[in-house]
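Report on one structure; see the data block that follows.
Sequence positions, counted from 1, serve as the residue numbers for this chain. Note that ligands are numbered from 1 as they come in the structure, with each ligand's atoms numbered from 1 the same way. No hydrogens, no waters, no symmetry mates; every other heavy atom, side chains included, goes into these values.
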Amino acid sequence: VQITVLGKSPAWQDVDGACSGYLVREGDHVLLLDCGNGVFSKLRCTCDYVEVDTVLITHLHSDHFLDLIPYSYALRYAPRQQPVAVDDWPANESPARPRLFAPPGSGDVFRRISALFGAEELIETAFELIEYEPTETYQFGEMTVHFGEVPHYTLTFAVDITTRSGARMTYSADCRPNSALVDLARETDMLLIEATLPRPERTGLRGHLTAREAGEHGARAGARRLVVTHFSDELDPEHVCAEAAAGYGGSVELAVEGAVYAVGEAAASAHRAA
Ligand SMILES: [Zn+2]
Ligand SMILES: [Zn+2]
């Protein structure tokens with residue numbers, strides 16, 4: 001399975017960056033894991049948006065789903081998506097309509113947000129919306145997907161993906177320290193984990209992990225490889241890396257936008273996309 005980092009920023013974008021978005025490919029299936037602000041243009045750098053089979057949203061925070069709005073406009077209004085010829089594009093009788101798996105209750109939220117600009121049905125007509133059942137297992141091509149609910153500020157699901165060849169990657173989504181993620185990620189080949197914070201939240205309910213805590217979660221899960229993400233470019237990357245490595249008890253990698261990770265039989269090393 002191949003994972004491309006489209007965006008790794010936290011809730012505000014890095015310079016020239018994007019919020020959460022990861023392109024996961026296995027065989028001929030293309031899965032977009034989260035679609036935060038900035039992700040749609042990064043997606044277009046890597047892949048034609050009409051070729052995405054499935055979009056999966058972990059939770060309804062803007063940095064994980066907001067670019068469903070421009071993505072929906074593209075699917076609805078792009079010249080090549082029309083039933084009549086437009087400009088140089090021929091008529092299209094079967095325009096792309098990717099499946100959109102989103103948490104329970106998402107349809108209502110999508111309608112309320114889209115209604116603010118007078119297009120209540122925007123997302124549901126652009127995509128085939130499926131509110132997933134978190135206890136169910138789903139099959140996306142040769143990928144089997146499980147969910148694990150993790151504690152955050154809103155209903156949030158970590159995602160575990162296993163391929164037919166046995167390769168596994170687990171994505172934390174956003175979460176405060178917990179054991180559900182450790183259980184979901186046990187012995188995974190690669191844990192992609194959030195490390196938003198330079199130090200724990202000073203007040204109120206916790207919602208995120210520090211880099212050290214991210215490392216500790218990786219160690220508790222026995223993850224074979226740890227990739228840290230969702231940290232700001234306003235933090236010192238060497239410090240983030242050192243903290244995560246100290247928690248993990250081994251070397252870790254920092255997610256870099258454009259990086260491609262191959263997990264499984266292919267090379268287990270990250271390399272920058274051209
Ligand atoms: Zn987030
Ligand atoms: Zn969040």
Side-chain angles (χ1 to χ4, degrees), residues 3-24 31-43 55-71 100-106 108-110 112-113 131-132 134 147-160 169-178 180-181 184-185 191-215 217-218 226-235 237 240 244 254-257 259:
I3 300 113
T4 304
V5 180
L6 301 180
K8 71 89 179 143
S9 308
W12 65 102
Q13 286 118 313
D14 293 348
V15 173
D16 199 27
C19 292
S20 296
Y22 307 92
L23 199 64
V24 183
L31 166 68
L32 175 59
L33 193 50
D34 279 338
C35 189
N37 35 314
V39 166
F40 185 65
S41 76
K42 300 289 182 180
L43 172 68
V55 180
L56 175 56
I57 302 296
T58 59
H59 66 296
L60 297 180
H61 274 164
S62 58
D63 57 321
H64 294 257
F65 85 94
L66 209 57
D67 264 21
L68 289 177
I69 303 289
Y71 198 166
L100 170 60
F101 283 78
S106 295
D108 184 48
V109 174
F110 293 156
R112 278 190 287 147
I113 289 170
E131 294 186 9
Y132 51 77
F147 297 96
E149 186 176 347
V150 289
H152 187 44
Y153 299 116
T154 189
L155 184 65
T156 301
F157 298 95
V159 177
D160 185 71
M169 74 82 71
T170 310
Y171 169 48
S172 67
D174 290 356
C175 57
R176 64 174 163 266
N178 70 92
L181 175 64
L184 184 73
L191 175 58
L192 178 63
I193 188 167
E194 76 120 295
T196 310
L197 305 173
R199 38 110 190 99
E201 294 90 340
R202 282 182 295 250
T203 55
L205 189 65
R206 294 205 57 192
H208 290 285
L209 302 175
T210 65
R212 184 174 288 258
E213 289 167 340
H217 282 64
L226 199 72
V227 178
V228 168
T229 191
H230 206 268
F231 56 92
S232 170
D233 65 355
E234 294 171 335
L235 295 173
V240 173
L254 300 187
V256 175
E257 289 176 5

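Between the Zn ion (ligand 2) and the N, O or S atoms of His61, the shortest distance is to ND1. Looking only at N/O/S atoms, His230 comes nearest to the Zn ion (ligand 1) through NE2. Restricting Asp174 to its N, O or S atoms, the one at the least distance from the Zn ion (ligand 1) is OD2. With respect to the Zn ion (ligand 2), His152 has NE2 as its nearest N, O or S atom.
Sorted by first and then second residue, the salt bridge (Lys or Arg N to Asp or Glu O under 4.0 Å) pairs involving residues 195-204 (not counting sequence neighbours) are Glu201-Arg206.
Between Phe101 and Tyr132, the distance from one ring center to the other does not fall under 6.0 angstrom.
Salt bridge status for Lys42 with Asp67: absent, with no side-chain N to carboxylate O gap under 4.0 Å.
Counting backbone and side-chain atoms alike, His208 contributes no N/O/S atom closer than 2.8 Å to the Zn ion (ligand 2). Because the distance cut-off is set at 2.8 Å, Asp63 fails to qualify as a neighbour of the Zn ion (ligand 2), as none of its N, O or S atoms comes that close. Residue side and main chain included, His64 places an N/O/S atom under 2.8 Å of the Zn ion (ligand 1).
Residues His61 and Asp174 have side chains that never bring a donor and an acceptor to within less than 3.5 angstrom of each other.
Between atom NE2 of residue His152 and atom CG of residue Leu209 there is a gap of 10.0 Å, rounded to the nearest 0.5 Å.
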Under the criterion ring-ring contact (aromatic ring centres under 6.0 Å, His included), I'd like the reasoning laid out for His230 against His64: C-alpha separation, chi angles, the key distance, then a yes or no.
CA-CA 11 Å; His230 206 268; His64 294 257; 5.4 Å; yes
